[in-house]
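Below: the structure, in structure tokens.
Only a predicted model underlies this, so the values are computations on that prediction, with no experimental measurement involved. To find a chain, count down the sequence lines: A is the first, B the second, and so on, and within it residues start at 1.
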Protein chains: 2
Amino acid sequence: MNVSDIFISLPVHMARNVEFDEQLAISKAMDVFWKKGYNGASMRDLTEAMGINSSSLYNTIGDKHQLFIKCIKHYTESRMEAAKKQLHQISSPLKAIEKYINASAYTITTEPNSCLAIKTTFEVATFDVEVQKIIKSDNEFTYQLLIGLIKKAIDIQEIKFTKDAEMLTDYIINHFTGWHESFIIHQDKTRIKKTAKFLIEQLNK
Amino acid sequence: MNVSDIFISLPVHMARNVEFDEQLAISKAMDVFWKKGYNGASMRDLTEAMGINSSSLYNTIGDKHQLFIKCIKHYTESRMEAAKKQLHQISSPLKAIEKYINASAYTITTEPNSCLAIKTTFEVATFDVEVQKIIKSDNEFTYQLLIGLIKKAIDIQEIKFTKDAEMLTDYIINHFTGWHESFIIHQDKTRIKKTAKFLIEQLNK
DNA sequence: ATTATTCTAAAACGTTTGTTTCAAATTTTA
DNA sequence: TAAAATTTGAAACAAACGTTTTAGAATAAT
């Protein structure tokens, strides 16, 4: 055996390339899961929205579950990027926290669907360990982002009423889920804006 | 036509009575929906848990959707009764609020499944108007219960930092949903207890 | 241009879905 | 006790489910 044998299993003739844009297709599938949930979305719903045949889907991305995993990864990753950009270069940590809270309230009361990560948490995260991991790391990202800001704010005494940064981070994050539920039930922006305003006032005490 | 004709359509021969206990069967079905969600629960899952045949189910309760409606009604109604009993005769409004918060935190970190009402809100309440109504009135109950206490607490100056009872009610309720999500993700009781403690401290300012 | 390879579309796959049928069992009224 | 009415269990229903197969179109390398 010589070195070239190692590569003998590689395709000699490279036939057709995949026709469809995988990222675009996943984004389309994500929208379906977002609206209908994991169990509520059928493969026919998905392939129709993606504009591809199920054979292409199974040849490239995989089965329904693998597709779902890619969709929520896509969702959480794009949210992370958006958050990074959003808080990029804000001098005051407390101002950054406030901006993050207001941006969350705005997103919740503006987007057509409630957060896919939260919907997924309540629908399948209890059973599905693979989903659990993604949801957990998404949550951890937000947590680290906020706790960094809170620790800084405590350090420079922008926040004076507590030294427990971990608790305060949890405390703030908890609100977002409640706002989502509230908005589904009442469809009332002002209720959420008022509580967001109050939460920010609390931070300034 | 005489008066007796009005009743002529009523059954003359009353045959068998329904064998199974409907309330018990609905309670069993509720557990299945609670674990698997609406779309995740199959009729075979449900009838097996209920211990009845699907023909009996369709003859008495109705189809899957009607069964689900009865299940979430059962869920919300029993929760309402429990809440009423719980706060029955507590002299101080603020103490009653605190008890309600602590009881919520305890339930969230103790029960095997996350709240059926919240799971339902995120899974189907966006589309299903019948479900929406039930969820909304369940929410309204909690809202009225809390706002009553908060208004009293403001009146007798147990709460001094705000006069906006509506906002504060929303603010408190919002936490519960967040705790549910947090507990699904982290399974950490102390994180929830800490934020509950902090929330109560805020009320005493 | 031929060959090897991969992609795509349509159809079909076996299961499972929610729901209905139907005969047998049961019970009440007469 | 006979007749009428209704529930029950088992089987069957069509439709939809997630997935696979298959034949042919497409394309890169020879």
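- Taking atom CD of residue Glu48(A) and atom P of nucleotide dC17(D), one finds them 11 Å apart after rounding to whole Å.
- Across the protein-nucleic acid pair, Arg44(A) atom CZ and dA11(C) atom P stand 13 Å apart, rounded to whole Å.
- Glu22(B) places its CD atom 16 Å from the C1' atom of dT6(D), with the value rounded to the nearest Å.
- Between Ser42(B) and dT16(C) there is no side-chain N or O to OP1 or OP2 distance below 4.0 Å.
- For Thr195(B), the side chain to side chain donor-acceptor pair (under 3.5 Å) partners two or more places apart in sequence, or in a different chain, are Trp179(B).
- Atoms CE (Met43(A)) and C1' (dT20(D)) sit 12 Å apart, rounded to a whole Å.
- For DNA chain C, the neighbouring residues in residues 52-71 of chain B, judged by any heavy atom under 4.0 Å, are Ser54(B), Ser55(B), Tyr58(B), Asp63(B), Lys64(B).
- The residues Arg44(B) and Glu48(B) are annotated as not salt-bridged, no charged nitrogen and carboxylate oxygen being separated by less than 4.0 angstrom.
- Taking the six-membered ring for Trp and thresholds of 30 and 60 degrees, His175(B) and Tyr171(A) have ring planes inclined between 30 and 60 degrees apart.
- Ile118(A) and Glu181(B) get closest at one heavy-atom pair: CG1-OE2, 3.4 Å.
- Checked against ring-ring contact (aromatic ring centres under 6.0 Å, His included), Tyr143(A) has no partners two or more places apart in sequence or in another chain.
- Checking dT8(C), dG18(C), dT19(D) against the side-chain heavy atoms of Phe20(A) singles out dT8(C) as nearest.
- The pair Lys197(A)-Glu201(A) meets the salt-bridge criterion, with a side-chain N (NZ, NE, NH1 or NH2) lying under 4.0 Å from an Asp/Glu carboxylate O.
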